[in-house]
Each structure stands twice: as structure tokens, then as C-alpha cells.
Amino acid sequence: MNFKVTVLGSGTSTGIPIVGCHCKVCTSKNSKDKRLRASLLIETHEQKILIDSGPDLRYQMLRNQIDNIDAVLYTHFHYDHLGGLDDLRPFSQRRANGLDCWCNEQTYDEILSKYPYLKKVSGNHNLPVIHLKRYEGSLAHGYNIHSFGSLQIKPIRLIHVPPDIVYSVGFVVNERFGYLTDFRIIHDDDLEFLQNLEVLFIGAPLARQHPTHCTHSEALDYFERFKVATGVVGHLAHSLSHDELTEKWSGRAVPAYDGQVFSFAD
Ligand SMILES: [Zn+2]
Ligand SMILES: [Zn+2]
Ligand SMILES: [Zn+2]
């Protein structure tokens, strides 16, 4: 079944340019160096699934002419992935039964504490009508594959912040595309789902060691280890430009950019 993936945001938590920074990447004229906060759209002719609702959501929807969303899947609760939740209001109101937003157990509790009105969906039309749902299965035993029309999406268990244990979720779509944004550790039992993908996206902001993210070289090692056809590195910081990253990785991986599209034909 055909599906298409669009990178809505390729940037790290600040977005690039960073406010007040005048470095060569933040002042670059190349549109591929303008990196909004991390988000992704997965679509078929009948479904549009959004990954995360970051603070750039409204602009991302306008820029990519996305008028409808069928569901939102959250990776985790950090602001750069969640902060645009209230801007889901027009999408939820356009649907007869509101909008289903899926997340893991920890993100579920965090979202309800940050947006307490979601505990009781009311008819108040100033509020988004969101039905918050936990991924089926569990952190302990693994999550089930979720079906959205012809999309079969497998949530992958990730550890993002080892000292405080923030759990993040990655996704494998129709056994062809993988999206692992913020993480340090992949759950051993979920490694098997990442083998031989056509495209694997890994979030790795920097070349140097980072306590809560992969490094660039760790991302490249994963692409080799999993025998991925095309490795994509996103959640990018402002240390290197799109052109510099392309040259540095010389075909072993490609840098993500806003508006980048991957098509998966039958
Ligand atoms: Zn992030
Ligand atoms: Zn900068
Ligand atoms: Zn994060």
C-alpha cells in the first residue's frame, strides 16, 4: 500500500535559527537550514497521521497545506514535541467525534497534568476535542501494532533521558519506514523491528556526546547495523549546515530538512 512521509520539522528543541544567534547556520540563506521543531506527517490517500504537536504546529500545518488530521501519535511529552497541542483545536473540531491522540503511559500522565481540561472533554468550543489514548500493550511487554486504515504502525520502546527515565516512543510504519527521534537507548526486544528498513530517521542533534540523544556517529552506526537503505538524521542543531552535513556523511546518511518527502510505493 502506498504511503508518503513528510518531515514537518527537522530541528532540535530550540528550532533553527535560534533566537539571537548569528552563527553561519542560523543566518544561512539556504531554506534547508531553517529547521522547525520535530514533527512528521504520515499519509495515504485516506489517512493523515501526525507525529507530535510541537510549538511550530500551526505554521507547519499552514506551510504544508494540511487541512485535516486523523490521529496524532506522540513520541514523548517534552515541550518541543507537545507545546502546540492547543493548536490542534481546528483539526479536532473539524471531525465529528474529535481527534484521537495516542501516547505511552508516562506521556499520558504528563499531558493530563499539563492540560487538565482533557480529563473531561466538554462541548466548550474554545477547547480542542481530544481523546487521549494509551498505546495498546505496555512498556513492560511491548506495544501492539496499531492500524490506521492501511497503515500498520508499531510503537518502539526507547529511553530518552536515562537519569530521570523519560521514555520515548519510536515508530515503524508498514515494516518499511522507521522514525526514532529523541532517545539514547533502544529496548533490546524491539531491535528486530528495525532491520532492513527502506528509510530510518534518527534524531541526533550533535556530533559530540550528549546525555539524552544519539550522536551523529551513533546514528550512522545504527544505519549500518540495521542494514537500512537510506539513513536520515534529524532533530538537528546549528553546528553544521545542510551542505556541510551532506558532505561529511558522503552517502552514509542524509540530513533531514523541513519539507523532505519519502514516498513508499507498492
Ligand atoms: Zn526533542
Ligand atoms: Zn546559531
Ligand atoms: Zn525530548
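Counting convention: from 1, in listed order, for ligands and their atoms alike.
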The N/O/S atom of Asp80 lying closest to the Zn ion (ligand 1) is OD2
Among N, O or S atoms, His235 approaches the Zn ion (ligand 1) most closely through NE2
Exercise for review: Would you sort out whether His242 and Tyr257 count as a ring-ring contact (aromatic ring centres under 6.0 Å, His included), showing the intermediate values?
Suggested key: CA-CA 8 Å; His242 177 84; Tyr257 59 87; 5.5 Å; yes
The atom name of the N, O or S atom in His238 nearest to the Zn ion (ligand 2) is ND1
The Zn ion (ligand 1) has as its nearest N, O or S atom from Asp182 the atom OD2
Counting only heavy atoms not in Glu244, do more than 12 sit closer than 6.0 Å to its CD atom? yes
Answer key: the N, O or S atom of His78 nearest to the Zn ion (ligand 3) is ND1
Phe201 and Tyr179: aromatic ring centres closer than 6.0 Å?
-> yes
Exercise. Could you walk me through whether Glu105 and Arg134 pass the salt bridge (Lys or Arg N to Asp or Glu O under 4.0 Å) test, one step at a time?
Key: CA-CA 6 Å; Glu105 300 92 319; Arg134 295 185 196 87; over 6 Å; no
Checking only N/O/S atoms, does His213 have one that is under 2.8 Å from the Zn ion (ligand 3)? no
Q) Are Ile42 and Tyr143 grouped together when hydrophobic residues (ILVMFWY) are joined by side-chain heavy atoms under 4.5 angstrom apart? A) yes
Answer key: the N, O or S atom of His160 nearest to the Zn ion (ligand 3) is NE2
Angle subtended at the Zn ion (ligand 2) by Cys23 SG and Cys26 SG, to the nearest 10 degrees, is 110°
Side chain of Ser92, backbone of Val129: donor and acceptor closer than 3.5 Å? yes
